[in-house]
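As the structure lists them, so they are numbered: ligands from 1, and atoms in each ligand from 1. Here the structure is a predicted model, which is why all the values come from computation and not from measurement. This chain uses plain numbering: 1 for the first residue, then up along the sequence.
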Amino acid sequence: MTNNYDAKSIQVLEGLEAVRRRPGMYVGGTDIKALHHLVYEVVDNSIDEALAGACTEIEVVIHKDESVTVEDNGRGIPVDVHPKMGKSALEVVMTTLHAGGKFDGSGYKVSGGLHGVGVSAVNALSEWCEVVVKRNGKIHRQRYQRGYPQGPVEVIGKVPSRETGTRTTFRFDPTIFSPDLSYRFETLAQRFREMAFVTRGVRIHLRDERKEREVTFYFEGGITSFVRYLNRNRKPLHSIVYAEKEIEHIGIEVAIQYTDAFTESVYAFANTINTVDGGTHLTGMRSALTRVINDYARKNGFLKDNESNLTGDDTREGLTAIVSVKHPDPQFESQTKVKLMNAEVQTYVQQVVTEAFATFLEENPSAARAIIQKCLTSARARDAARKARDLVIRKSALESLTLPGKLADCSERDPAKTELYIVEGDSAGGSAKQGRDRHFQAILPLRGKILNTERARLDKILSNNEVKALISALGTGIGDSFSLDNLRYHRVIIMTDADVDGSHIRTLLLTFFFRYMQPLIDNGHLYIAQPPLYRIATRKQARYVYTEAEKERLLKELEGEKITLQRYKGLGEMNPQQLWDTTMNPENRTLLRVTIEDAAEADRIFDMLMGAAVPPRRRFIQTHAKDVRNLDI
Ligand code: 0RA
């Protein structure tokens, strides 16, 4: 018995140390993403309680010192002494790897924790952590430092015995994570919104004490509310189709609604986690929709015998849907790639969607007609787009000789050494042309706003002159026929004014690249230039600053001196030399590399940006458009 205990203790210590030595293996790194991961890991456990029907409220608080509290009104982590280990179950949960929510093996239907490392990994990576459990009419508490208990579980008070729950507070360890990391309210809020959508009946409250703000997510309608939310600015073609069924202990839920939009908004969840890379649940839903629509269209004369079936692409346009599965043993492709692999799920989801959607079409012939007409239009548009694209591709083969007239090309021919500046407006384009190093820097001025690509179809976009110039300057083609090998410049740099119009144009360009040239982003070729916001001059020298914070710092530094402060609203206000010095000279400039950390999030951002009514769109552009990762060159 004692031996066993000692052996277990050693195991525990080794486990905690392993996590601290290789945090990457357990929480994916030591950056801001991993930091958010810690919070998700803790909240996942409370969500598990909610999924088990034992918890309705989850409160998350970000404290001023960047510690975080997660509190739920679940059953409370058991605190009784584990007979084999001779210590409290709470301590086992908090200090043993993989002993998270599933520790007693029975209490749980499914586990939300995708990564399954459990709260013990969070504990190990925390400078300090405290867990308070209300259970059996008592308040229990245990504290830890870097994972190690600072004493046994203590009873610190009494409560009515119906009052139960778990409260965990932890402070990330600054010797493991970058010490100046700071939680992003928006990122956490986004995740909790999704969790609340797919966990009907749970209320998730997020409060930020650093800068008093809070938000509560509660969706009575679950994923039906989610679909209504996604379609809030679109015109639905019919009421939301909802189905829910449990097959072989797998909970399956879908909500489906077609709209008049051209894009698709489909999200798949497995155990409340947004499976960005899809998987068997998504495939099951998609193939069912295509099959049901084709069957109905044939049977009711929308498709003639000599006409071919609608394709998956045709039935996707304007589709908004959520598929959410709760699986007792989810298999994922890998730790980071979020893709559900359980093969049986595809069959089950297909079954549920086929039954529900076929019934819906039978019972609602006018909705059925609207959906099928939408799909037929989409098929025709796709056909037209294919023709238009072929034309562009054929033409761009010729146009490798005939580059757009307004492109000021560089003399270097090796793409690895060259850069293309996409510049807003003719006057800034003029300054850039004069200021550049023409040996390796090419300039493409764009006039006015390029098309809003979200709202328009491919065939229309391709007829836009600005877009045409961009495509032929890059040389890659677009969409399915995009080829990175033909990229004519390895750095493609968007350079726009530091004002609202500038950020709008930047966003439009990002949308275009995201939708039609994604490999360009994936391979790190797309950048955003950083023109200065201010020029601050004293009698002795002039300096440029790029952020408000920098400006404040410099003004403090120069206190007492006589200064002139110039705010640059547009690139056009700089002369060619200044533009070169501040924004284009590789020696001094800062470029931000555009990354797609999370394709779904990016998609949502574009979706919201382009799909939304004007006020939220403006706010979003102003706060997030430049939110890309910093890169030193
Ligand atoms: C194991 C067993 C039971 C509940 C929990 C763990 C539990 C874990 C966490 C983590 C955060 N909040 C939590 N709430 C509960 C079931 C205990 C029972 O049957 O009463």
Which one holds for Asp48 and ligand 1: side chain close, backbone close, both close, or neither close, with close meaning a heavy atom under 4.0 Å?
neither
In the structure I gave you, are the side-chain heavy atoms of Phe170 and Val42 within less than 4.5 Å of one another anywhere?
yes
Heavy-atom proximity to atom 1 (C) of ligand 1 ranks first, among Gly118, Pro78, Ala89, for Pro78
Does CZ in Arg291 sit with more than 12 non-hydrogen atoms of other residues, nucleotides or ligands closer than 6.0 Å?
no
Atoms of ligand 1, numbered as shown, that sit under 4.0 Å from any heavy atom of Arg135
17 (C), 18 (C), 20 (O)
Nearest atoms (heavy-atom pairs only) where Ala89 meets Pro78:
CB-O, 3.3 Å
Do any nitrogen or oxygen atoms of Asn45 come within less than 3.5 Å of a nitrogen or oxygen of ligand 1?
no
Smallest separation among heavy atoms of Gln257 and Pro236, with atom names:
NE2-CB, 3.2 Å
